[in-house]
Amino acid sequence: MTRILLVFLSFFLSLSALSNNLQTLQVAGDDYYAHSFPLQMYVDYSSALTIDDISKLDLSDKVGSARFNIPVERANYWFVFEVQNQSSKDIERIIKFDEALLHQADIYYQQPSNALTDQKNWFSEKSGLVVPIMGRGINNRLPSFNITLKAGEKKRLYLMANFKLNMLTIGLEIKSPNKFLTDEQLEIAAYCLFFGLSLAMLIYNFFLLIVLHDKLYFYYVAYCSTFLIFVVVYSGFNLYIFDALFWVYFFISSVSISVVFLFQFVRELLQTKHHMPRADFVLRLIMLLFIMQAILTSIDTYYHYLLIYLAIPCKLFLFLVNLWAYFKKIPLANYSLFGLSCYLLGTFTIVGVNAGFLPFNFFTRYGFMFGSMIELFVFSLALAYRVRYLQVNKTEMQLQLYLTESKAKQALKETVKSRTGELEALNKKLQHLSQEDGLTGLFNRRYFDHAIAKEWERMKRQKSPLCVVLADLDFFKEFNDLYGHQHGDHCLRITSGIIKQVTNRSADIAARYGGEEFVLLLPESESQDGLKIAHKIQKVLKEKKIEHEFNIGGLVTISFGIAATVPSDNNSIEMLIKQADVALYESKKNGRNCITIHELGV
């Protein structure tokens, strides 16, 4: 019985030893390639530990994988594994992180040290966004390190990675130089194919935008441009052009802006505001959310993770809106539905990989690019078909319009003649209403300004005098305060009726100048002509006996200021009105209920 227990105990101890002691990677071979291999992993949440600190830690129970996900947290991630050259010749191997957006990536391994001291001699090399691409050991967009292994040599490698972005999936790979070069060439060729096709569609639709001036093409071009900027930054190709950290992290938010333009493009394409107003309202709210997320990410890349949470539900809602539009038989909904299906599938794969619930492979990593490329192509077809659709509709509408016009033409001819007189009278009435003061029925200030300018030029050509009479009800503010605004309006209407009655020449113009102030424009008239009219107005107003307890005599009275001139280059309309205003001021100063002619008091 004791022997059986010892056998079981030794069995479990051996399993534990196998799990805690990682095997050394044998990396010889011309086309050697290793990925997703087991390694020791330690997360330094303080971001303060050095290579000496890490090398002293017991990491036997910190077993992880060379393929890992970065959660919503910031820390230094340490990876430890051993490689050995089991061949009889020296070899070189490339250690590579397969994503470009690592803020910092360092490699450490021991070099032969001085036998007289116990101090470790560490070799280190830095890479990542903090190191310009021309300052890296390997001038590549992806953080990569070259190590040399002598025949039979074993090395324990320590790699540290720091991320400013989160919710990403990162992988460590070990490749021979030939394998590294071959894979890089294939990857660059695939990216060039994507960029080439996308740019072709972008340039084509950009020229259509210039020619057609259609805002739908603007939304397409803006969506395509911002998405391409994101792919360039996400893949690291921007580092060959610019590698300033601020701009790298700033342009990461371009993916959120591209989603905004995508939603706007679909809204305009399907006319959701007209066909589906409630869904359109939700779409605008979603666009606002993505704009806010882009702003937050531009301020601090920590908020990039919000994109992962927003992407699937929001784009799924956009897909459902397109599905609804398809069943409602909205034009072009079939194109939009197919394009968005590919885009949504690609988005689901990249979000799933970065969130950690989908396995990493070629399709899940690059599916979003292929889905987007198909979507851009389908949307481009939709725009092309839309032009034809609009042309056909326009032709049908023109034909229908022509037939309707032909049928109605005869009846219209018969009606037009009888209605012309009515329309002309109505137009005159409308024109008069636009020139009339609503309370008094006199012309308004705007019409007076137009009329005096016209009469000034006419009198200037004829060298005839032009007279302006300004009139103002005395103590009218007190009248309003004492009797109320309704009585005040009634008083203004009575006064304007008197002015209309007295100014009976067709050329004379009476207007309300403002408040309780009136103005008379008398072409071909001297100051004495204005004086006569002013006397008549005063006389008739007095006969009306409008009670005003605050005024002298207990009745409403009116004061006048008169000015006249022969228009010429030496005077102006402003001078003439100013003279009449000064004369009116003199009338008020002299006790009111007066008439004053400029330079001649009466």
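As the structure is a computational prediction, the values presented were derived from the model and not from experiment.
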For residues Y335 and Y385, establish whether the separation of their ring centroids is below 6.0 Å. yes
Is D300 atom CG crowded by more than 12 heavy atoms from other residues, nucleotides or ligands, each under 6.0 Å away? yes
Is it true that the side chains of S253 and S298 contain a donor and an acceptor less than 3.5 Å apart? yes
F242, CZ atom: more than 12 neighbouring heavy atoms under 6.0 Å: yes
Criterion side chain to side chain contact (heavy atoms under 4.5 Å, CB included) against K315, the qualifying member of V259, I286, L320: V259
For a 4.5 angstrom cut-off between non-hydrogen side-chain atoms, does I170 reach F97? yes
Centres of the Y302 and H304 rings: under 6.0 Å? no
Before giving the answer on side-chain contact (heavy atoms from CB on, under 4.5 Å), spell out for N162 and L102 the whole-Å C-alpha distance, their side-chain angles and the decisive distance to 0.1 Å. CA-CA 6 Å; N162 178 270; L102 273 74; over 6 Å; no
Residues Y305, Y309; criterion ring-ring contact (aromatic ring centres under 6.0 Å, His included); working and verdict: CA-CA 7 Å; Y305 78 93; Y309 295 126; 5.6 Å; yes
Return the CD to SG distance between E375 and C342, rounded to the nearest 0.5 Å. 8.5 Å
Ion pair present between E187 and R141, side-chain N to carboxylate O less than 4.0 angstrom? yes
State, with a plain yes or no, whether a side-chain heavy atom of L337 is found less than 4.5 Å away from one of N334. no
Between Y42 and L49, is any pair of side-chain heavy atoms under 4.5 Å apart? yes
What distance do M373 atom CE and F194 atom CZ have between them, rounded to the nearest 0.5 Å? 7.0 Å
Which word best sums up how the rings of Y343 and Y223 line up, parallel for under 30°, tilted for 30 to 60°, or perpendicular for over 60°? perpendicular
Crowding at CZ, F206 (>12 non-hydrogen neighbours, <6.0 Å): no
Check: E73 and N166 side chains under 4.5 Å, non-hydrogen atoms: no
Atom CZ of residue position R446 - does it have more than 12 heavy atoms of other residues, nucleotides or ligands inside 6.0 Å? no
Counting only heavy atoms not in F195 (residues, nucleotides, ligands), do more than 12 fall under 6.0 Å from its CZ? yes
Is it the case that K179 places NZ or CZ above or below the six-membered ring of Y33, under 6.0 angstrom from the centre and within 45 degrees of the axis? yes
Considering residues, nucleotides and ligands other than F348, do more than 12 of their heavy atoms fall under 6.0 Å from its CZ? no
Taking all non-hydrogen atoms of both residues into account, name the closest pair between K150 and N85 and its distance. O-ND2, 3.0 Å
So, for P359 and T364, which heavy atoms are closest and what is the spacing to 0.1 Å? O-OG1, 2.9 Å
Please check: side-chain N/O of S235 versus main-chain N/O of V232, any donor-acceptor pairing under 3.5 Å? yes
Is there side-chain contact between D243 and L129, with heavy atoms separated by less than 4.5 Å? no
So does K126 pair up with D106, basic N to acidic O under 4.0 Å? yes
Go through it in stages, so that I can follow the logic: the residues are R284 and T272, the test is side-chain hydrogen bond (donor to acceptor under 3.5 Å, both in side chains), and I'd like the CA-CA distance, side-chain angles, deciding distance and then a yes or no. CA-CA 11 Å; R284 284 183 288 161; T272 55; over 6 Å; no
pair N140-E184: side-chain heavy atoms closer than 4.5 Å: yes
Can you name the one residue among D31, D183, T182 that meets side-chain hydrogen bond (donor to acceptor under 3.5 Å, both in side chains) with K175? D183
D58 and S60: side chain donor to acceptor below 3.5 Å: yes
Look at D52 together with K56 and state whether they make a salt bridge at an N to O cut-off of under 4.0 Å. no
Nearest 0.5 Å, please: how far is OG in S336 from CG in L269? 5.5 Å
Do you know which two heavy atoms are closest between M201 and N205, and how far apart they sit? O-ND2, 2.8 Å
What's the spacing between F317 CZ and N322 CG if we round to 0.5 Å? 10.5 Å
In short, L270 meets A333 closest at the heavy-atom pair CD2-CA, 3.7 Å
Looking at side-chain heavy atoms only, is the closest gap between F81 and L172 below 4.5 Å? yes
Flag the pair F68 / F79 as yes when their ring centroid distance falls below 6.0 Å, and as no otherwise. yes
Closer than 3.5 angstrom, by distance alone: can the side chain of K154 be matched with the main-chain N or O of L149 as a donor-acceptor pair? no
If we count only N and O atoms by modelled type, under 3.5 Å, do the side chains of Q40 and R156 hold a donor and an acceptor together? yes
Does the gap between the ring centers of W78 and Y108 come in under 6.0 Å? yes
How about F207: does its CZ atom have over 12 heavy atoms from other parts shown lying under 6.0 Å from it? no
In the structure I gave you, are the side-chain heavy atoms of V231 and V255 within less than 4.5 Å of one another anywhere? no
Might you point out which heavy atoms bring N146 and R93 nearest each other, and give the distance in Å? OD1-O, 3.3 Å
Report yes if the distance between the aromatic ring centroids of F237 and Y191 is under 6.0 Å, otherwise no. yes
Out of curiosity, L323 CG to F319 CZ, how far, rounded to the nearest 0.5 Å? 5.5 Å
What distance separates T349 OG1 from M369 CE, expressed to the nearest 0.5 Å? 11.5 Å
Closest heavy-atom pair, A100 versus Y234, reported as atoms and distance to 0.1 Å, is CB-O, 4.2 Å
Does a donor on one side chain sit under 3.5 Å from an acceptor on the other, for S256 and Q293? yes
With a cut-off of 6.0 Å (strictly less than), are more than 12 heavy atoms of other residues, nucleotides or ligands near NZ of K328? yes
Determine whether the aromatic ring centres of F265 and F261 lie less than 6.0 Å apart. no
